[in-house]
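Below: the structure, in structure tokens.
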Amino acid sequence: RVREPAVAGLFYPKDPAELSRVIAACLAGAKTAPADGELKALICPHAGYPFSGPVAASAYQLLAGREYDTVVILGPSHYADLHAASVTNADLFRTPLGDVPISAKGPLLAQSSPFALEPRCDVQRPDWWPESSRKAPAVDTADTWEHSVEVEIPFLQATLKKFQLVPVVMGEVDPAKAAAALGRILDDRTLIVASSDLSHYYSYATAQELDERCVKAICDLDVDTMETQEACGRIPILTLMHLARERGWKASLLDRRNSGDTSGDKSRVVGYAAIAFYAPAPEAFTAADRRYLLELARKTVREVAAGGKLPGVSANGLAPKFTTPKGCFVTLTKHGDLRGCIGYILPQGPLYQAVMENARNAAISDPRFPPVSPREVDQLEIEISVLTTPQPLAFDSSTELLQKLQPHKDGVVLRIGGRSATYLPQVWDELPDKVAFMNTLAEKAGCERTDWRQPGASVFIYHVESFKESDELPTAKPR
């Protein structure tokens with residue numbers, strides 16, 4: 001059983017090459033900074049690609065280099081009078097980019113109310129159905145013409161490559177009950193996508209106000225306020241919000257625009273948002289700890305830029321977490337561009353001392369840049385990365401190595417003969433492709449770009465807790 005595409009050629013291109021080109025252009029134009037933690041869910045719009053594609057790409061760009069076994073898409077019903085959450089009864093979901101297998105988790109989910117396997121319902125066919133890319137069946141289901149799920153899938157195919165799907169069309173159901181049922185099939189290899197546009201057909205100014213209020217409710221996990229909002233995917237969003245509150249996930253706004261921004265017609269607009277939900281990474285340092293280390297690094301940069309020495313700090317009275325030997329890096333950026341980055345991969349002394357030494361080294365000893373001048377200091381942003389001790393990663397082939405690497409999580413030390421180099425986990429943001437990541441790391445070590453594939457190359461993995469001034473010290477934002 002194949003669920004054929006209903007809106008290919010209407011909401012997105014029907015030709016595979018053109019569809020791939022459009023998606024690639026949207027992804028290339030998206031500028032998204034991943035947050036710390038494990039990505040658990042996305043909210044993405046579902047209008048035609050010329051209108052909402054650029055916003056959706058801000059979310060889907062985060063998937064580059066990540067791997068999930070299952071994607072659950074929760075889309076609102078636009079054409080069916082539905083009082084359940086309808087799970088497809090198909091085996092494959094087809095788009096111009098190919099077929100995606102339906103996960104066995106779909107029928108399993110359908111056993112728990114309010115989910116059901118394609119329940120009978122009244123369907124009002126959309127005006128465009130005669131132009132649809134699929135033939136009309138003898139009996140319509142909630143899924144037959146629904147675009148809110150379908151338009152998400154080509155973006156997933158372009159970014160995730162291999163995954164199984166649980167497509168769900170949601171009617172008027174209790175979001176809390178839906179969240180409880182959905183939670184029973186979730187694991188660390190499952191991603192949720194809640195499909196929704198925001199306000200519909202208001203003036204540009206009114207839409208801006210309404211959408212800002214809606215997005216704030218979502219990011220604050222304010223269920224009561226969200227229940228009063230006009231988003232067409234209100235039920236999928238509320239289902240996700242209940243899960244997020246229960247599991248401690250945090251929401252991060254990636255992009256918010258409307259059709260007036262993307263198409264130019266600002267008379268009657270539709271609002272769109274891309275929002276990511278993360279399970280926060282465990283933190284070894286409190287907000288006060290982070291502020292202390294960042295202020296120590298800034299004091300150091302200011303002193304050495306003026307020709308002075310490291311600040312005098314007494315270890316007496318410092319908490320053990322500051323006096324314990326730790327590897328760390330200090331990164332300086334100026335107007336978003338790298339200005340210096342130096343660190344210790346292995347512990348070489350107390351953490352507080354390592355922070356001062358690497359702040360000094362990043363400011364005046366990074367061979368890639370001239371020393372920081374006193375007038376530059378207030379234009380810099382400082383980020384500190386505290387490292388776990390690198391551990392060897394066992395692998396028998398370059399293919400196995402690539403399978404074991406965890407983008408956006410692993411810092412990598414590559415050793416080839418007597419040469420070595422490292423990339424912090426943050427580098428995955430710029431190089432999400434595993435092969436490109438390893439190729440450039442080999443070059444950084446002074447080797448040929450494919451030497452990491454050769455026998456004798458070794459890899460060590462570490463993780464980091466990173467924090468920067470713009471997050472922890474809002475008043476210290478660079479000028």
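Side-chain atoms are counted along with the backbone in the values below, which use heavy atoms only and exclude waters and symmetry mates.
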Residue list, ring-ring contact (aromatic ring centres under 6.0 Å, His included) with Phe11, at least two apart or on another chain: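 Partners of Phe11 under the ring-ring contact (aromatic ring centres under 6.0 Å, His included) test: His147.
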Taking only residues two or more places apart in sequence, or in another chain, which ones meet Phe277 in a ring-ring contact (aromatic ring centres under 6.0 Å, His included)?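 Phe277 satisfies ring-ring contact (aromatic ring centres under 6.0 Å, His included) with no residue once adjacent residues are dropped.
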Take Asp69 and Asp187 through the side-chain contact (heavy atoms from CB on, under 4.5 Å) test and state the conclusion after the steps. CA-CA 10 Å; Asp69 295 333; Asp187 56 35; 5.8 Å; no
Please list all pairs passing the ring-ring contact (aromatic ring centres under 6.0 Å, His included) test where one or both residues lie in residues 300-331, with sequence neighbours left out.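 Residue pairs passing ring-ring contact (aromatic ring centres under 6.0 Å, His included), neighbours aside: Tyr292-Phe322.
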Does [X] use its side chain to pair, donor to acceptor, with the backbone of [Y] at less than 3.5 Å?
X      : Y      : result
Glu18  : Pro13  : no
Asp211 : Tyr272 : no
Arg339 : Glu376 : no

How would you list, by chain and number, every residue that makes a side chain to side chain donor-acceptor pair (under 3.5 Å) with Tyr352, sequence neighbours excluded?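 Checked Tyr352 against side chain to side chain donor-acceptor pair (under 3.5 Å); zero matches.
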Just jot down the side chain to side chain donor-acceptor pair (under 3.5 Å) partners of Asn89, sequence neighbours excluded, or say none.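 For Asn89 there are no side chain to side chain donor-acceptor pair (under 3.5 Å) partners, ignoring immediate neighbours.
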I'd like to know if Lys326 and Glu465 make a salt bridge, using a cut-off of under 4.0 Å between side-chain N and carboxylate O.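 No, Lys326 and Glu465 are not salt-bridged.
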Show me the pairs that pass side chain to side chain donor-acceptor pair (under 3.5 Å) and involve residues 410-420, at least two apart or across chains.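 Of all non-adjacent pairs touching residues 410-420, those that pass side chain to side chain donor-acceptor pair (under 3.5 Å) are Gln406-Asp410, Asp410-His463.
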Do the rings of Tyr49 and Phe155 sit parallel, tilted or perpendicular, given the 30° and 60° boundaries?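 The rings of Tyr49 and Phe155 sit tilted, inter-plane angle from 30° to 60°.
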Drop me the distance from Leu117's CG to Ser86's OG, to the nearest 0.5 angstrom.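 Separation between the atoms: 7.5 Å.
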Taking atom NZ as the centre, does Lys216 end up with more than 12 heavy-atom neighbours from other residues, nucleotides or ligands that are less than 6.0 angstrom away?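 No, the 6.0 Å shell around NZ holds no more than 12 heavy atoms from other groups.
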Mind running side chain to side chain donor-acceptor pair (under 3.5 Å) on Lys105 and Thr190 for me, showing each step along the way? CA-CA 10 Å; Lys105 290 183 176 181; Thr190 299; 3.0 Å; yes
